[in-house]
Trainee: 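Pasting a structure below so you can have a look.
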Amino acid sequence: MADFDLNLDELRAVFSAEAAEHVDALERGLLALESNLDDDELRRELLRLTHTLKGNASCVGLQAMTAFAHVYEELLERVDERSLDVDNALITQLLAGVDVLRRLLENSSDDVLTESDREIATAISAYCGSDVTVDPVLTNNSAANTPKQTVARSLRVAEEKLNRMLNLVSEMTIGRGRVREMLQTTGKLDVESLIEIERQIDIQQAELQELIMRARMVPVGPLFRQYARVVRDVAATHGKNARLVTIGEDVELDTTAVEALRDPLTHMIRNAIDHGIEPSPTRVAAGKPPVAHITLEARHEAGSIIVIVSDDGAGLSRRDIGARARALGIDPDRLSDAELWRLIFEPGFSTAANVTDLSGRGVGMDVVRRSIEALRGTISIDTREGERTTFTIRLPLTLAVIDGFGVEVGSDSFIVPMENVLECVEMTTDSPREESTGVLLLRNEVVPFVRLRSLFAIEGRKDARENVLIIGQAGGRNGMKAGLVVDKLNGAGQAVIKPLGSWFNDVPGIAGSSILGTGRVALILDTTTILNQVASQATQRNSENA
């Protein structure tokens, strides 16, 4: 009996993974059908998906899901036969059924229907005049409050990748065995042979690391497609008409980043619908098509992943944002467009006249900024009032390893992400050593700087010579540059990122840590926070001087 239970659990795990794909495909198909009502093949595909889902649920003993899928299949069969007219109301009813199937799948260990689920099943049956009903025994009034089942996350990895990983591990084991044998030999060590073996192991380790990182990469398509339903339903609820357009669905991103992007994208899409997208009559009067479009795009660019969220709505209003800034004591006339737009990411900043279920509390865009920066990414805004708004997110390809530039201050080591490093220069001797911040002249360009020794309160002997690492941030404040004054420059190399733990969550300017080849710990700098801090100090100095 124990063996049977174990096998059933494994079977249900496989079923859950496949069923989730079927439910997602069902939702995408319904949204596509709403835009193309004459697609007979799509109608047939929806029926096939539901029939497969019902059969598989029955095989693993999920009676509640089987019963609901049977009722749902009945309605889709009428749709396939064209005995029902497909309209917005019918699609909405079918999408409500998708929500029930998804909830049943997430709580498959309970396998019960809530009263709400049964009401939807009854509405589906009545919609097509069917006498198909759901067994009341499968209904549980308390199921709605049942905690979700914890599901282990998994990734699909191609067999050839796993085989190559195994071969690399085997080759590295052989190399280590050869080194051990040489070290245990009582005779003289062959240093050249040791160096050659180490070089081979280093090459194999680099390839293994690359394979493992690529195994963590997943396409952004499934993430993008899930917002089609969000755009449709939220827009309709607020009297607007909008559709989602996706570009670059096959672009791959680290699986951790994909999960972390869900909340930011949700906030940005909802914000676009509330502030950007106009009602259809307003759009038509402005010469726009009645249906608005929100576009999600992904692409590779210069060693980074670019994610773009854009809409063809009303754009950002400098007047409205400026008025809100002035109310908070900020003079908008002293800010460039890019600096003014970035104010919408500040906590509590909102131009909405009233608080709604979509926006108005000034929280959503703050969540967006914090989430993107936590991924070592940046976000920039491009807008044209009355026409469009585009948010461009730039993320690193992987979150596990970075190319970094090592520096030292006193006895402490730091790593700066290479994507932010522009150049290295020697600090001029005319700058007072006791100043924590200042400016330097770099080829007729004034660049603000900050001494890491002062920034992190590092004690110890000061070197006679100081160096400056010039950093910048793609998509940052008007291409702003800043200098990090350090004692030593150690050069470029790869660094494996290690988390610092909850004790360091509130330490500004630190993104993580890494273990150096010497065994010492080096802190990885959060260049975004440092750049913003230097920019704020520079703006404050300019205001005081003015």
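FYI, the numbering just counts along the sequence from 1. All values derive from a computational prediction rather than experimental measurement.
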Trainee: Work out which heavy atom in Ile372 is nearest to a heavy atom in Pro264; give both atom names and the distance.
Mentor: CD1-CB, 4.4 Å
Trainee: With side chains defined as the heavy atoms from C-beta onward, is the minimum distance between Ile306 and Glu297 less than 4.5 Å?
Mentor: no
Trainee: Taking all heavy atoms of Tyr227 and all of Leu261, pick out the closest pair and write down the distance.
Mentor: OH-O, 4.1 Å
Trainee: Within the distance-only criterion (no hydrogens, no angle test), does the side chain of Asn107 pair as donor or acceptor with the backbone N or O of Arg103 below 3.5 angstrom?
Mentor: yes
Trainee: Determine whether Ile269 and Ile294 make a side-chain contact, defined as any pair of heavy atoms from C-beta on separated by less than 4.5 Å.
Mentor: yes
Trainee: Please determine, by modelled atom types, if Thr246 and Glu249 share a side-chain donor-acceptor pair under 3.5 angstrom.
Mentor: yes
Trainee: Looking at Ile321, Leu316, Ile381, which hits side chain to side chain contact (heavy atoms under 4.5 Å, CB included) with Leu340?
Mentor: Ile321
Trainee: Give a yes or no on whether the backbone of Glu278 and the side-chain of Thr282 come within a donor-acceptor separation of less than 3.5 Å.
Mentor: no
Trainee: Where is the tightest heavy-atom contact between Thr383 and Gly315, given as atom of each residue plus distance?
Mentor: OG1-CA, 3.4 Å
Trainee: Do the non-hydrogen side-chain atoms of Ile305 and Arg394 ever get within less than 4.5 Å of each other?
Mentor: no
Trainee: Do Phe345 and Asp366 have side chains that approach each other closer than 4.5 Å (heavy atoms only, starting at C-beta)?
Mentor: no
Trainee: Testing the basics here: between Ala57 and Thr66, what is the closest heavy-atom pair and its distance to 0.1 Å?
Mentor: C-OG1, 3.4 Å
Trainee: At what distance, to the nearest 0.5 angstrom, does OG of Ser58 lie from CE of Met65?
Mentor: 12.0 Å
Trainee: Show your working on side chain to side chain contact (heavy atoms under 4.5 Å, CB included) between Ile530 and Asp526 and close with a plain yes or no.
Mentor: CA-CA 7 Å; Ile530 294 176; Asp526 178 0; 5.7 Å; no
Trainee: Are any non-hydrogen side-chain atoms of Arg232 and Thr92 less than 4.5 angstrom apart?
Mentor: yes
Trainee: Within a radius of less than 6.0 Å around CD of Glu41, do more than 12 heavy atoms belonging to other residues, nucleotides or ligands occur?
Mentor: yes
Trainee: Are the side chains of Lys240 and Ser280 in contact, using a 4.5 Å heavy-atom criterion?
Mentor: no
Trainee: I'd like to know if the side chain of Arg283 reaches the main chain of Pro289, judged simply by a donor and an acceptor atom lying under 3.5 Å from each other, with no hydrogens or angles considered.
Mentor: yes
Trainee: Going through the checks in order, is the side chain to side chain contact (heavy atoms under 4.5 Å, CB included) test met by Arg388 and Asp382?
Mentor: CA-CA 8 Å; Arg388 58 173 173 79; Asp382 179 34; 3.0 Å; yes
Trainee: Would you compute the distance between atom CG of Leu26 and atom CZ of Arg102 and round it to the nearest 0.5 angstrom?
Mentor: 9.0 Å
Trainee: Does the side chain of Leu296 come within less than 4.5 Å of Val245's, by heavy atoms?
Mentor: no
Trainee: For the residue pair Leu53 and Ala19, what are the closest heavy atoms and their distance?
Mentor: CD1-CB, 3.6 Å
Trainee: Count the heavy atoms of every other residue, nucleotide or ligand shown that sit under 6.0 Å from NE2 of His51, and state whether that count exceeds 12.
Mentor: no
Trainee: Any side-chain donor paired with an acceptor under 3.5 Å for Asp117 and Thr114?
Mentor: yes
Trainee: Would you please say whether a donor-acceptor pair under 3.5 Å links the side chains of Arg28 and Gln226?
Mentor: no
Trainee: If you measure from CZ on Arg262 to CG on Leu223, what distance do you get to the nearest 0.5 Å?
Mentor: 5.5 Å
Trainee: Give a yes or no on whether a salt bridge exists between Lys288 and Glu387, defined as a side-chain N under 4.0 angstrom from a carboxylate O.
Mentor: no
Trainee: Would you say the side-chain atoms of Thr50 pair up with the backbone N or O of Leu46, donor to acceptor, closer than 3.5 Å?
Mentor: yes
Trainee: CG/Leu33 to CG/Asp39 distance, rounded to the nearest 0.5 angstrom?
Mentor: 7.5 Å
Trainee: If only side-chain N and O atoms count, and only distance matters, is there a donor-acceptor pair under 3.5 Å linking Arg384 with Thr390?
Mentor: no
Trainee: Tell me whether Asn420 contacts the main-chain N or O of Gly472 through its side chain, where contact means a donor paired with an acceptor under 3.5 Å.
Mentor: yes
Trainee: Output the distance between atom CG (Leu49) and atom CG (Leu76), rounded to the nearest 0.5 Å.
Mentor: 9.5 Å
Trainee: Do any N or O atoms from the side chain of Tyr72 and from the backbone of Leu101 form a donor-acceptor pair under 3.5 angstrom?
Mentor: no
Trainee: Considering residues, nucleotides and ligands other than Arg370, do more than 12 of their heavy atoms fall under 6.0 Å from its CZ?
Mentor: no
Trainee: Among Glu77, Glu74, Glu73, exactly one meets salt bridge (charged side-chain N to carboxylate O under 4.0 Å, His left out) together with Lys54. Which residue is that?
Mentor: Glu73
Trainee: Kindly compute the distance separating CZ (Arg43) from CZ (Arg82), expressed to the nearest 0.5 Å.
Mentor: 4.0 Å
Trainee: Are side-chain N/O atoms of Glu34 and Asn88 paired as donor and acceptor at under 3.5 Å?
Mentor: yes
Trainee: Considering non-hydrogen atoms only, spot the tightest contact between Arg318 and Leu335 and give its length.
Mentor: NH2-O, 3.0 Å
Trainee: Please evaluate residues Val231 and Arg243 with respect to the criterion side chain to side chain contact (heavy atoms under 4.5 Å, CB included), reporting the C-alpha separation (whole Å), side-chain torsions for both, the decisive distance (0.1 Å), and the verdict.
Mentor: CA-CA 6 Å; Val231 170; Arg243 293 292 181 269; 5.6 Å; no
Trainee: Inspect the surroundings of CZ in Arg44 and state if more than 12 heavy atoms from other residues, nucleotides or ligands are less than 6.0 Å away.
Mentor: no
Trainee: Using side-chain heavy atoms (C-beta onward) and a distance below 4.5 Å, is Leu95 in contact with Glu27?
Mentor: yes
Trainee: Go through Arg164 and Leu211 one step at a time and tell me if the side chain to side chain contact (heavy atoms under 4.5 Å, CB included) criterion holds.
Mentor: CA-CA 8 Å; Arg164 181 54 185 161; Leu211 283 171; 3.4 Å; yes
